[in-house]
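Each chain gets a letter, A, B and so on, in the order its sequence line appears, and its residues count up from 1.
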2 protein chains.
Amino acid sequence: MRHNPDVAERETRDDVDGIVAQWRRERPGMRPEPMAVFGRIYRLARLVGDEQERVYARWGIGRGEFDVLAALRRSGEPYTLAPKALTASLMLTSGGMTGRLDRLERAGLVRRSPDPTDRRGLQVTLTDTGRQVIEEAADAGLAVQRRILDTLPPEDQERLGDLLRTLLAGAAGGGR
Amino acid sequence: MRHNPDVAERETRDDVDGIVAQWRRERPGMRPEPMAVFGRIYRLARLVGDEQERVYARWGIGRGEFDVLAALRRSGEPYTLAPKALTASLMLTSGGMTGRLDRLERAGLVRRSPDPTDRRGLQVTLTDTGRQVIEEAADAGLAVQRRILDTLPPEDQERLGDLLRTLLAGAAGGGR
DNA sequence: CCTAAGTATCTTAGCTCTAAGATACTTATT
DNA sequence: AATAAGTATCTTAGAGCTAAGATACTTAGG
């Protein structure tokens, strides 16, 4: 089907184009064009996300743990944040964060200590091992992204980032 | 921060730009540019996906159930597919598909019947109610996508779809 | 035919998440 | 001070997924 000579002129059809065409055939008047964008966004998120997750497994962590370690590392010295801040920036419930921190602490990648200024609170700090793990895993995950992104020439990479920035602003702003 | 006059000239910074800048400050030489694309793809998938899910809830279904009903509806008359085919096209394990079909059958949206030509197999068929639900829910979900996509002018919408098609081909091809 | 290998579906155990709520501490009001 | 309201974290129950494997049927090879 993909190599049908009838469509050789525009050899850029993919599964998503097929789905859009099916809807058009089944329900004329539906105008399913937006699916061509969001269908691909969903598939890319899943495909690339799964591939990055397989890479992170080398260090014994999943995507969720990676995100926590990355937030701590990015925050700079002393690599310390409150669970509350992590919960907010990773858009997670407090229960989910408790679980991630339990796993990371058990693996020796973070340390929990009491907040000296507020006895309700905690501080979560990257251990030396944790810092080493996140730096190696982040480089490996980035290499996965770079290899896929290099399908596009540099000027298209930048143009794609710009279009997505605008779209994300529309989704984040309008969706409340 | 977003309305800091110092950055008024390029008033297009978002959270993802901030994350990229943090990595650059913390680890010079990391070249985190690909995150500007994939970070936004992940966020869009989550934000728009969650919003569509809230819409589907009006009909008592989640994203998973929606995808099954949509695959059946798109396939055309007689709206029948084998669980095996659904499992493959939705990239799900057989256990996950069993669960979705159980819920859909309990809700009266699909019917399971034996495959007349292969006694190992089943056929899953959309009920009349199921067909009505998927048509209404698909229109409502599409409206969510269209509202967000219309942040971009029509020519950018098309350009974005083309860039994503190329990127998805690179991810699906290279990732094996 | 008969056996071995293959295929389709369901079952079970374990994982991670959310939603709701409990606990413990802090801040604001009187 | 004393009380009420607010905040940070953890706990619990339930949903939906995957991985592994059980069951039942089909197909291929001798």
Side-chain angles (χ1 to χ4, degrees), chain A residues 42 45-47 49-54 56-57 60-69 71-72 80-107 109-125, chain B residues 42-43 45-47 49-54 56-57 59-69 71-72 80-107 109-125:
Chain A
Y42 293 144
R46 173 149 184 193
L47 273 172
D50 285 354
E51 194 171 342
Q52 290 192 256
E53 184 139 51
R54 281 191 291 277
Y56 300 151
I61 58 176
R63 233 176 302 183
E65 287 82 27
F66 178 94
D67 288 343
V68 173
L69 296 178
L72 288 167
T80 299
L81 291 170
K84 177 72 197 205
L86 287 165
T87 295
S89 88
L90 303 182
M91 300 198 297
L92 202 65
T93 59
S94 67
M97 185 54 67
T98 297
R100 286 188 189 180
L101 293 176
D102 286 348
R103 296 193 290 280
L104 286 168
E105 194 166 42
R106 212 177 306 129
L109 304 179
V110 307
R111 194 173 32 246
R112 274 191 266 219
S113 50
D115 181 331
T117 70
D118 182 341
R119 268 191 291 176
R120 290 169 307 180
L122 288 180
Q123 287 184 330
V124 179
T125 304
Chain B
Y42 292 145
R43 282 171 181 237
R46 174 148 184 194
L47 272 172
D50 285 355
E51 193 170 344
Q52 290 191 254
E53 184 139 52
R54 281 191 291 276
Y56 300 151
W59 289 273
I61 58 176
R63 232 176 302 183
E65 287 81 27
F66 177 93
D67 288 344
V68 173
L69 296 178
L72 288 167
T80 300
L81 291 170
K84 176 73 197 202
L86 287 166
T87 295
S89 88
L90 303 183
M91 300 196 300
L92 202 64
T93 60
S94 69
M97 185 54 67
T98 297
R100 288 189 189 179
L101 293 176
D102 286 349
R103 296 192 290 280
L104 286 168
E105 195 167 42
R106 213 176 305 128
L109 305 179
V110 306
R111 192 172 35 244
R112 275 191 266 219
S113 50
D115 181 331
T117 71
D118 183 341
R119 268 191 290 177
R120 290 169 307 179
L122 290 179
Q123 288 183 330
V124 179
T125 303

Visitor: Report yes if the side chains of B/Leu109 and B/Arg103 come closer than 4.5 Å at any heavy-atom pair, otherwise no.
Guide: no
Visitor: Take the C1' atoms of the five end pairs on each side of the helix from C/dC1-D/dG30 to C/dT30-D/dA1, derive the two axes, and give their angle rounded to 10 degrees.
Guide: 10°
Visitor: By a strict heavy-atom criterion of less than 4.0 Å, which residues belonging to residues 110-120 of chain B are in contact with DNA chain C?
Guide: B/Arg112, B/Arg120
Visitor: What side-chain hydrogen bond (donor to acceptor under 3.5 Å, both in side chains) pairs are there with at least one residue in residues 86-102 of chain B, not counting sequence neighbours?
Guide: B/Asp102-B/Arg112
Visitor: To the nearest 0.5 Å, what is the distance between CD on B/Glu53 and CD on B/Glu51?
Guide: 12.0 Å
Visitor: Mind calculating the distance between CG (A/Leu90) and C1' (C/dT18) to the nearest angstrom?
Guide: 16 Å
Visitor: Roughly how many Å is it from CG in A/Leu86 to P in C/dC17, rounded to a whole number?
Guide: 13 Å
Visitor: Identify all side-chain donor-acceptor contacts of residues 114-122 of chain B below 3.5 Å with residues at least two apart in sequence or on another chain.
Guide:
{"residue": "B/Asp115", "atom": "OD1", "partner": "B/Thr117", "partner atom": "N", "Å": "2.8"}
{"residue": "B/Asp115", "atom": "OD1", "partner": "B/Thr117", "partner atom": "OG1", "Å": "2.9"}
{"residue": "B/Asp115", "atom": "OD1", "partner": "B/Asp118", "partner atom": "N", "Å": "3.4"}
{"residue": "B/Asp118", "atom": "OD1", "partner": "B/Arg120", "partner atom": "N", "Å": "2.9"}
{"residue": "B/Asp118", "atom": "OD1", "partner": "B/Arg120", "partner atom": "NE", "Å": "3.1"}
{"residue": "B/Asp118", "atom": "OD2", "partner": "B/Arg120", "partner atom": "NE", "Å": "3.4"}
{"residue": "B/Asp118", "atom": "OD2", "partner": "B/Arg120", "partner atom": "NH2", "Å": "2.7"}

Visitor: In whole angstroms, how far is the P atom of D/dA8 from the CG atom of A/Leu81?
Guide: 14 Å
Visitor: Under a 3.5 Å distance rule, please check whether B/Glu65 uses its side chain to pair with a backbone N or O of B/Gly62 as donor and acceptor.
Guide: yes
Visitor: Write down the distance between CD (B/Glu105) and P (C/dT9), rounded to a whole number of angstrom.
Guide: 13 Å
Visitor: Please name all residues satisfying side-chain hydrogen bond (donor to acceptor under 3.5 Å, both in side chains) with A/Gln123, sequence neighbours left out, ordered by chain then number.
Guide: none
Visitor: What is the distance, to the nearest angstrom, from the CD atom on A/Gln123 to the P atom on D/dT9?
Guide: 10 Å
Visitor: Go along nucleotides 11-18 of chain D 5' to 3' and tag each nucleotide: B for a protein heavy atom under 4.0 Å from its base, S when only backbone or sugar atoms are that close, - otherwise.
Guide: B----SSB
Visitor: Starting at atom CG of A/Leu104, determine the distance to atom P of C/dT16, rounded to an integer number of angstrom.
Guide: 11 Å
